[in-house]
There are 2 protein chains.
Amino acid sequence: MAQTRAATIEDVAREAGVSRAAVSKVIRNAYGVSPAMRERVTAAIEALDYRPRVAARAMRGSSFTLGIEMPHIGNPFFTKIVAGANAALAGTDYQLIIAPADVDGEEGVRAIGALADRQVDGIVAISPLVSPDWLERLAGRVPVVMLGRHDRSTAYDTVTGDDAEGTRLVMEHLFELGHRRIVHLTRSEEVTRPGSGNPHAIRLEQYLAHMRAAGFADDIRVVRTGLDEEAARLDTLALLDERVPTAIFVGNDELAFGALRALSEHGLSSAEVSVVGYDDVDIASYPAISLTSVNQAGEAMGERAIRLLLERIEGRTEPIHFSVEPSLKVRNSTRPAPAEPTG
Amino acid sequence: MAQTRAATIEDVAREAGVSRAAVSKVIRNAYGVSPAMRERVTAAIEALDYRPRVAARAMRGSSFTLGIEMPHIGNPFFTKIVAGANAALAGTDYQLIIAPADVDGEEGVRAIGALADRQVDGIVAISPLVSPDWLERLAGRVPVVMLGRHDRSTAYDTVTGDDAEGTRLVMEHLFELGHRRIVHLTRSEEVTRPGSGNPHAIRLEQYLAHMRAAGFADDIRVVRTGLDEEAARLDTLALLDERVPTAIFVGNDELAFGALRALSEHGLSSAEVSVVGYDDVDIASYPAISLTSVNQAGEAMGERAIRLLLERIEGRTEPIHFSVEPSLKVRNSTRPAPAEPTG
DNA sequence: ATGAAAGCGCTAACAT
DNA sequence: ATGTTAGCGCTTTCAT
């Protein structure tokens, strides 16, 4: 079985008896091809099973590829975003590729850089740990939309949730139930650096503000953890060994599941410690779980991010900042357990 | 802010006062560069912040990109595989890109094709719905490893779980508990076509065989569904309206969660209908869920797939077929409920 | 409407 | 050890 070399535009041109330029025009639907020519070329393409090499196209024009950088592929909220992004691309010539980072810090830069090196026509970056400067420079070369982070720039578009509002919803809900010993379980200090615009930074900041405003400054307790469920489980376990709060507000659902697991390992039920998450991932609504959480339309965010990219590719230059409204899904959270009856 | 064009190998060569070939050799760690030269070139690369364009490299040699095609990005088992794959790539020059298909049928071919068009140096395809012929042709051009499907070929490597053994574990477990009215909830007929080698095809085939061998041929009941939790929920709901089985063996955990959700909506507890899944996804072990499931080391599979690809790139030509052993995680499954006491 | 030809940024023979 | 040079498969002026 001879390993036949894949057909090139040259082969198609020869087969159809036309020039390479003509073939190129046909595959790009460019202006200036007669119906007759189009037909012959199309037939030749069929016959030879020709597929344009993306690398060669990318050298001159576009790669018809959009990249999305994800901090952590295990987080269902991110996969929701991807599902939305993918849906927005259905029927277009573009293909979505995902570059997973899966480690805190520098990995995000690496992944985004890898995307840029592959000459994608646009990049959506999910709350990466990079400086606005770095991002602006990148956005100068290729359209970029930042998803999640709140810092703005005229160089790139943003799609965000209203994290201040989401956190307000959570805190007021817990206050109304009567909680005051509320722990906030969140990511590393690097991630939540004040002013970074990172969603977790805002949630933390607002947690602090609401605790103080409610007069619970003395009950403020921030616990740091990593980026996956297992890290959250371990850090919650450590927390519980010290002092058991009445409620835990967790930075996102994936981490909340780790906290819930720790609670259960510690013999604590959700009636004893209320847990509230963020993202309203599918399993959160699962009857046996029933996690109270802040919903933000992930699919819509992903879809919107892609649209913004496509518009930039079409030529738009003024930045657009899109925001989705969060809503609180109240589920298992309850009033704090009354103090142990004495004697 | 002048939009300065990114540095090319030419710029680096000029800056370092050497030839392009020299720079090329340095970035590829190729043979034949003096330490002095290497140093000057490295300095120039730093100074100009040079990054090789992948498209240009791909036109001559390799793209240093490995692609993975995923049927459905929402399935946590697949993301486990990706995590393993990504881990195997850490420290190498290769970057992983994911092409999500997210729809049954033709989409898999599209996604794999898109990967090939992008000249990736290797492709791992997760149980795609394509003919062995098509795959062999592809494998002739680029290293391929099929993950999940059991059909073999000398053209490509495979990484599989032992689905016959996994299913045996499930069925014997259910038989031992005393079940005989066991429904099998699985994917479409297209996916489970006999002889396709698809994992779901094997699980179905073995379900049928074990039911017959146990003398329960009359209780065989196969229900078809789509590829996500929601589809499974709907189809299970329909099933329950007809006749309630004592146990449901579901093709994978994601679908099992849909079935569990339907059960709970129908007011049925897991004590009344035992559900067994496949893949032992993280949440399956979650206390409030506690889904009995077949474990197959997803990370290990992803990691192995990448290794096989890398070996092929290094020049290996004999095919390797790697299999991982499944084990049953027994959790919530119970004996069938005794018949309703009469009067 | 069509074609000829230059060139995108690399790598790999091949010289030196 | 280092440099020269010929392409890889496309897109895109620019002629015709």
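Just so it is clear: chains get the letters A, B, ... in the order the sequence lines come, proteins before strands, and each one is counted from 1.
- Listed nucleotides dT12(D), dC8(C), dG3(D) differ in distance to Lys25(B); the shortest reach to its side chain belongs to dG3(D).
- A donor-acceptor contact closer than 3.5 angstrom is absent between the side chains of Thr65(B) and Gln95(B).
- For Tyr31(A) and dC14(D), the OH to P distance is 18 Å, given to the nearest whole Å.
- Put simply, CD on Glu10(A) is 13 Å from C1' on dG3(C), counting in whole angstrom units.
- Here dG3(D) is the nucleotide among dT12(D), dG3(D), dA1(C) with the atom lying nearest to any side-chain atom of Ser19(B).
- With respect to the salt-bridge test (charged N to carboxylate O, under 4.0 angstrom), the residues Arg307(B) and Glu303(B) qualify.
- Distance Ile9(A) CD1 to dG3(C) P: 12 Å, rounded to the nearest Å.
- Rounded to whole angstrom, the span from the CZ atom of Arg118(A) across to the P atom of dG9(C) amounts to 18 Å.
- Rounded to whole angstrom, the span from the CZ atom of Arg53(A) across to the P atom of dT11(D) amounts to 12 Å.
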Go through it in stages, so that I can follow the logic: the residues are Ser24(A) and Arg28(A), the test is side-chain hydrogen bond (donor to acceptor under 3.5 Å, both in side chains), and I'd like the CA-CA distance, side-chain angles, deciding distance and then a yes or no. CA-CA 6 Å; Ser24(A) 177; Arg28(A) 284 176 297 126; 3.0 Å; yes
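- Atoms CD1 (Ile45(B)) and P (dC10(C)) sit 10 Å apart, rounded to a whole Å.
- For Arg28(B), taking side-chain heavy atoms from C-beta onward, the closest of the listed nucleotides dG3(C), dA12(C), dG9(C) is dA12(C).
- We find that CZ of Arg60(A) is positioned 19 Å from P of dG7(D), with the value rounded to whole Å.
- When the P atom of dA6(C) is taken as reference, atom CZ of Arg20(A) falls 11 Å away, rounded to whole Å.
- For the OP1/OP2 pair of dA1(C) and a distance below 4.0 Å, the side-chain nitrogens and oxygens of Ser34(A) include no atom meeting the criterion.
- Residue Thr8(B) has its side chain nearest to dG9(C) when only dT11(C), dG3(D), dG9(C) are considered.
- Counting distance only, with no hydrogens placed and no angle test, the side-chain atoms of Arg57(A) and the base atoms of dG9(D) include no donor-acceptor pair under 3.5 Å.
- In this structure, Arg38(B) and Ile27(A) both approach DNA chain D, and ranking their closest nucleotides by distance from the 5' end singles out Arg38(B).
- A side-chain contact (heavy atoms from CB on, under 4.5 Å) with Ile68(A) holds for exactly one of Ile123(A), Ile97(A), Ile81(A); it is Ile81(A).
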Verdict with reasoning, Ser63(B) to Arg57(B), per side-chain hydrogen bond (donor to acceptor under 3.5 Å, both in side chains): CA-CA 6 Å; Ser63(B) 62; Arg57(B) 306 184 83 169; over 6 Å; no
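- The residue among Ala55(A) and Ala21(A) whose nearest nucleotide of DNA chain D lies closer to the 5′ end is Ala55(A).
- With dG3(C), dT4(D), dC10(D) as the choices, the nucleotide that has an atom nearest any side-chain atom of Ala22(A) turns out to be dG3(C).
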